[in-house]
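To keep things clear, I will list the structure first and then write my remarks on it.
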Amino acid sequence: MPLARALIGKILVRELPTGELLTGRIVETEAYTLGDPSSHAFRGPTQRNASMFKRHLHAYVYFIYGSAFCLNISSEAEGTGAAVLIRAVEPLTGIETMRTLRGPTIKDRDLARGPGRLCAAFAITKSQDTLDLETDQTLWLATETTKKFAIGTSPRIGLSQEQSRPHRFYLKSSPHLSGPRTLSP
DNA sequence: CAGAGGATCGGCT
DNA sequence: GCCGATCCTCTGG
C-alpha cells in the first residue's frame, strides 16, 4: 500500500519500437494487498496472476471485459501476491502518438483517464506482462525530484465488494482522474 | 468442456 | 446514469 501512494506523481515512461518516448504523470492508483478478497491474487498464484507474485516493480497486465488491458505494478517481496493498479496518468509527451493509438478526436484529458484507456494510449498489452520496470528498456518509471503533490484517498472503483477500504489514491485537483466525480473532489 | 463473471469502455437517455 | 459488448480466465463436473 505504501507503493500506491508513492507512485502518485511519478512519471510512466514507454519507449515504442520506433524509439519514440511516451510519458505521463501518474495521477491515480489503487492498492490490491495481501489478503484482499477483491485482489486477483487472493486465491493464490495462477498462470494469469503470476506477475503479482514477483518482486516489487514488475508489470502485471491483464485483459478485462473483453475490451481493455490494465497495468499493475507488483508491490511486495518475491512470493507475495500484491500489486498497484495504475488507473490514470496525465499525458506529458508523445501526445499526438497517443491520439493515433486512441482516436483522432480524443481530448488530452481523456487520452489516459481510466486503466484501459491508459494502456491503449501507451501501447501496453499482455506482451508487457512480467517486465521488470527497474531494468527494462521499454517501460519504466522516472521521478521529478523537486515536485510535491497533495494526495487524496477514496474507496476503489468498480468493485462489487470491499467498498469501504480507502485504497484508491489520487493527485488532488488533477483534471485527469477517472471514475465518478463524486469520488474525485 | 461448459458456464459464469469481471480492478472497463463507449454510446445512448 | 444506465446498459450491453466482448473475451479471457478460472472453476467445477
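Remember, predicted model here, so these are calculated numbers, not experimental data.
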Nearest to the side chain of [X], which nucleotide is it out of [options]?
X	options	value
A:Ser67	B:dA7, B:dT8, C:dC10	B:dT8
A:Ala68	B:dC9, C:dC8, B:dA7	B:dC9
A:Phe63	B:dA7, C:dC10, C:dC8	C:dC8

Interatomic distance, [X] [atom1] vs [N] [atom2] [rounded to whole Å]:
X	N	atom1	atom2	answer
A:Tyr62	B:dC9	OH	C1'	13 Å
A:Leu118	B:dC9	CG	P	9 Å
A:Arg43	B:dG5	CZ	P	12 Å
A:Asp129	C:dC8	CG	P	15 Å
A:Phe169	B:dA7	CZ	P	19 Å
A:Phe42	B:dG5	CZ	C1'	17 Å
A:Glu28	B:dA7	CD	C1'	11 Å
A:Arg48	C:dT11	CZ	C1'	12 Å

Any side-chain donor paired with an acceptor under 3.5 Å for [X] and [Y]?
X	Y	result
A:Arg99	A:Thr105	no
A:Thr130	A:Ser51	no
A:Arg87	A:Ser178	yes

Is any side-chain N or O of [X] closer than 4.0 Å to OP1 or OP2 of [N]?
X	N	value
A:Arg87	B:dT8	yes
A:Lys126	C:dC7	no
A:His40	C:dT9	no
A:Arg117	B:dG10	yes
A:Arg113	B:dG10	no

Inset, instruction - State the pairing partner of C:dG12; accept Watson-Crick or G-U wobble contacts with both distances under 3.5 Å, and report none otherwise. - result: B:dC1
Inset, instruction - Please determine, for B:dA7, whether a Watson-Crick or G-U wobble partner exists with both distances under 3.5 Å, and give it or none. - result: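 B:dA7 is paired with nothing.
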Inset, instruction - Could you tell me whether a side-chain N or O of A:Asn72 sits under 3.5 Å from a main-chain N or O of A:Ala59, the two making a donor and an acceptor? - result: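 Not at all, since once roles are kept as given, no pair shorter than 3.5 Å links the two residues.
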Inset, instruction - Report the residue (A:Gly66 or A:Thr46) whose heavy-atom-nearest nucleotide on DNA chain C is the more 5′ of the two. - result: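 Of the two residues, A:Gly66 wins.
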Inset, instruction - Kindly say whether, by distance alone, the side chain of A:Tyr65 makes a donor-acceptor pair under 3.5 Å with the base of C:dA5? - result: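 Answer no: no donor N or O sits under 3.5 Å from an acceptor.
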Legend entry - Within the 6.0 Å centroid threshold, strictly below: A:His40 and A:Tyr32: no
